[in-house]
Protein chains: 2
Amino acid sequence: MAVARRGAGRDGRPTLEQVAARAGVGRGTVSRVINGSPRVSDRTRAAVEQAIADLGYVPHQAARALAANRSNAIALVVPEAEGRLFSEPFFSGIIRGVSAELVDTDIQLLLTLIRAPRERARFAQYAASDRVDGVLLVSVHGDDPLPDQLAEMGLPVVMTGRRSEDEPVPYVDCDNVGGAQQAVEHLLGRGRSTVATISGPADMYAARCRLDGYREALRAAGKAADDELVARGDFTEESGYAAMRELLARRPTLDAVFCASDPMAMGARRALRELGRSVPGDVALVGFDDSALARHMDPPLTSVRQPTEGMGRAMTRALLQLINEGGQDRPHVLLPTELVRRASS
Amino acid sequence: MAVARRGAGRDGRPTLEQVAARAGVGRGTVSRVINGSPRVSDRTRAAVEQAIADLGYVPHQAARALAANRSNAIALVVPEAEGRLFSEPFFSGIIRGVSAELVDTDIQLLLTLIRAPRERARFAQYAASDRVDGVLLVSVHGDDPLPDQLAEMGLPVVMTGRRSEDEPVPYVDCDNVGGAQQAVEHLLGRGRSTVATISGPADMYAARCRLDGYREALRAAGKAADDELVARGDFTEESGYAAMRELLARRPTLDAVFCASDPMAMGARRALRELGRSVPGDVALVGFDDSALARHMDPPLTSVRQPTEGMGRAMTRALLQLINEGGQDRPHVLLPTELVRRASS
DNA sequence: ATCACGATTGGGAGCGCTCCCATACCATCG
DNA sequence: CGATGGTATGGGAGCGCTCCCAATCGTGAT
């Protein structure tokens, strides 16, 4: 036993040095094998790999990080104000995607919730001090300076969603315009003639995109734009309820509504019920996000699904590329959405 | 510039050594200040703190980890089979709690999803190699060997939930028995006389506890146990639907049902509607978990809420204590649940 | 056979920190 | 007044790895 452990690290775990000794080579060579350097002969590589297997050697992260000056970790930052996100499939999908993309690397995922502004500052400092190789930002608000701040420090950053049309920071987004368009085309295709929309806050880029998609679909179908058919919400159920009542007051004859979020669709559904309109009989309804809510509404809600897992993967790939290639290019990825048809339309 | 940077780390960030130079003390002293050692005079401490502030010094994690042989990170492990968890408030609450408890430490949270068995093995190896100081396990199955495996390696571990009555691994759980009991007492208190239950899989400890709570409440109310009023589900909506039909077939006169999960309550509600029973008029319904579902059901579902955030905090505190004190004691924490009353009962 | 040059390889130096021993200093005590 | 026992402090050693330069070993060209 003592022999087997000779020269072992202080936990009794084998070190590079020991692997080298066992394989009859130098430290440098083992390091090269581990890091996949091509400058190693096949014979030597095989011997080293054998020794690694024999000893059950696992490289010591902290030592690597210190020597190589990279941390082999990336942070996933979630502003917790968006607590909402957490219980939605959105966040779940993102994590799944990120995690899936990381599984074949030896990169760690650090999860950081940011509540107070104090924590934001703290994270900025933290990120600045070499502790992560890159940052994934989820659900950034339009006026959040953090992305630029991090980017200016030279830290690779990728966000989900854009803050505006000409987002300077690399991002992965879903095709909000296309999704909305698809939803409205679907409603028109089902024979609906008067399609209204309940849109999100005008200061959120995604909300504007969804509204654009709605308008584009109507235009493509040769319908005149009609602002009477557009009501504003703020993505919440309450706002959806109010908007629906407003729309019905303005245009009692409408027969379909595209809601820019599922909770708003939920609110709209409630308003419709109260006013004696059936769904989908009198009014067809489509939501956005395909949350758990949608599946459980009565009737189940047709909704636009974001490829959340794909977005998580894409973000991660983009970030790893930034880290490894340090490229000057700012990757922008746009993923397609999918309409999930249910009984509400 | 060059002067300001003299002796700086390779990223231009200040090192301990520089702080020491600026404060006019030795490395060891600065280290003591940073680590809160009492063996430093107030004068010296103040000088060092000033130098740290002046330089904006932030300790280099990897270097600390290497020298001190601790990683300053804990892992939160989630078996992704429980993908379900993700979209429930449960997971969200746990993360929030863990994160809140870590915010004043410099401990990192690593998130690890485990999908395939291969990944489980990989994680075990990973965890074994010094990369985390401890592990939080969420939602472990009754037959999962991972907790014991990790514990045997001497790695501090805390789980949510128990696998059985005499769980050997430290855990934090909510009071399932008490929660169920409270729910049933509530139903009885509302004047219901024939309270049935749809319970979870018999091989899950939490499900057995909830059933025990149900029975205990009836017993306390002086009601005879009646197996005809107990139906098995597997926590899914479908199983709740089937169980409800079964119960009604057996006992058409029942007037209340305690469901051991919200999705089962959802299924039960559907069955009741189909069979022309009103909720809560004919049958009162109570669920468990207080998921988003509960709030959005029609009528909104009374449900037993787990203190998820509190559980996250408790797990973290327990783990940190295990890490710091290396105690031989196996902390077991049981937190109370809360009945959230809504229109369904 | 000799020389140059690329492919491999070994191992020194050093990453920034903690640990701990040796030293310096100070107040108290016999 | 010197011995004694603390308390502060400085700094050497070393954590396990990567980087990189120098050394070694072929191999083909001359």
Side-chain angles (χ1 to χ4, degrees), chain A residues 5-48 51-52 55-73 106 129-131 133, chain B residues 5-48 51-52 55-72 106 128-131 133:
Chain A
R5 284 184 180 299
R6 176 163 310 159
R10 61 196 140 179
D11 312 293
R13 276 185 260 286
T15 68
L16 227 201
E17 190 101 36
Q18 268 178 94
V19 174
R22 175 160 189 130
V25 302
R27 259 182 10 255
T29 302
V30 177
S31 177
R32 262 165 241 135
V33 169
I34 289 171
N35 294 293
S37 157
R39 323 263 76 186
V40 181
S41 70
D42 292 344
R43 262 179 76 87
T44 308
R45 164 168 290 113
V48 170
I52 289 177
L55 263 31
Y57 170 73
V58 182
H60 190 294
Q61 275 305 320
R64 294 184 95 174
L66 179 58
N69 199 27
R70 1 171 227 105
S71 65
N72 284 315
D106 57 356
S129 65
D130 270 346
R131 310 214 236 183
D133 296 334
Chain B
R5 285 186 180 299
R6 177 163 310 159
R10 60 196 139 179
D11 312 293
R13 277 186 259 286
T15 68
L16 227 203
E17 191 101 36
Q18 266 176 94
V19 174
R22 175 160 189 129
V25 301
R27 255 180 15 252
T29 302
V30 177
S31 178
R32 262 166 241 136
V33 169
I34 288 171
N35 294 293
S37 157
R39 325 261 79 194
V40 181
S41 70
D42 292 345
R43 264 179 72 89
T44 308
R45 166 169 288 114
V48 170
I52 289 177
L55 263 32
Y57 170 74
V58 182
H60 190 294
Q61 275 305 318
R64 295 184 95 172
L66 178 58
N69 199 29
R70 0 168 228 107
S71 66
N72 284 315
D106 57 355
S129 64
D130 269 348
R131 311 215 235 185
D133 296 333

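Naming convention: chains lettered A, B, ... in sequence-line order (proteins, then strands); numbering from 1 in each chain. Note that these values count all heavy atoms, side chains included, but never hydrogens, waters or copies made by symmetry. All values reported here derive from a predicted model rather than from experimental measurement.
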Which heavy atom of [X] sits nearest a heavy atom of [Y], and at what distance?
| X | Y | answer |
| --- | --- | --- |
| Val48(A) | Ala23(A) | CA-CB, 3.9 Å |
| Tyr57(A) | Ile34(A) | CE2-CD1, 3.4 Å |
| Ala65(A) | Ala62(B) | CB-CB, 3.6 Å |
| Ser31(A) | Leu16(A) | N-CD2, 4.0 Å |

Closer than 4.0 Å, any side-chain N/O of [X] to the OP1 or OP2 of [N]?
| X | N | answer |
| --- | --- | --- |
| Ser31(A) | dT18(D) | yes |
| Thr29(B) | dG10(D) | yes |
| Ser41(B) | dT9(D) | yes |
| Thr44(A) | dT9(C) | yes |

Length of the [atom1]-[atom2] vector between [X] and [N], whole Å:
| X | N | atom1 | atom2 | result |
| --- | --- | --- | --- | --- |
| Asn72(B) | dC15(D) | CG | P | 20 Å |
| Arg27(A) | dG12(C) | CZ | P | 7 Å |
| Asp42(B) | dT9(D) | CG | C1' | 15 Å |
| Gln18(B) | dC17(C) | CD | C1' | 14 Å |
| Arg39(A) | dC20(D) | CZ | P | 15 Å |
| Asn35(B) | dG16(C) | CG | P | 17 Å |
| Glu17(A) | dT18(D) | CD | P | 12 Å |

Taking side chain as C-beta onward, heavy atoms only, is Thr44(B) less than 4.5 Å from Val33(B)?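 Side-chain contact under 4.5 Å: no.
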His60(B) vs Leu66(A) side-chain heavy atoms within contact, under 4.5 Å: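 Yes, at least one pair of side-chain atoms sits under 4.5 Å.
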My understanding is that only residues two or more places apart in sequence, or in another chain, count here; which of them pass side chain to side chain donor-acceptor pair (under 3.5 Å) with Arg45(A)?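 Residues passing side chain to side chain donor-acceptor pair (under 3.5 Å) with Arg45(A): none at all.
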List for me each residue that meets side chain to side chain donor-acceptor pair (under 3.5 Å) alongside Arg22(B), sequence neighbours excluded, and say none if there are none.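 So Arg22(B) forms a side chain to side chain donor-acceptor pair (under 3.5 Å) with Asp54(B).
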List in numerical order all residues of residues 60-71 of chain B for which some heavy atom is under 4.0 Å away from an atom belonging to DNA chain D.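 Output list: Leu66(B), Ala67(B).
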Applying the side-chain hydrogen bond (donor to acceptor under 3.5 Å, both in side chains) criterion to Arg64(A), which one of Asn72(A), Asn69(A), Asp106(A) satisfies it?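 Going through the options one by one, the only one that passes is Asp106(A).
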Could you run down the sub-3.5 Å N/O contacts of the protein with nucleotides 20-26 of chain C?
{"unit_1": "dC20(C)", "atom_1": "N4", "unit_2": "Arg32(B)", "atom_2": "NH2", "d": "3.3"}

Just grab all the salt bridge (Lys or Arg N to Asp or Glu O under 4.0 Å) pairs involving residues 23-34 of chain B, residues at least two apart or on different chains.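 As it turns out, there is no salt bridge (Lys or Arg N to Asp or Glu O under 4.0 Å) pair with a partner in residues 23-34 of chain B once direct neighbours are skipped.
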Using the C1' atoms of five pairs at each end, what's the angle between the two axes of the helix from dA1(C)-dT30(D) to dG30(C)-dC1(D), to 10 degrees?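 About 50° separates the two local helix axes.
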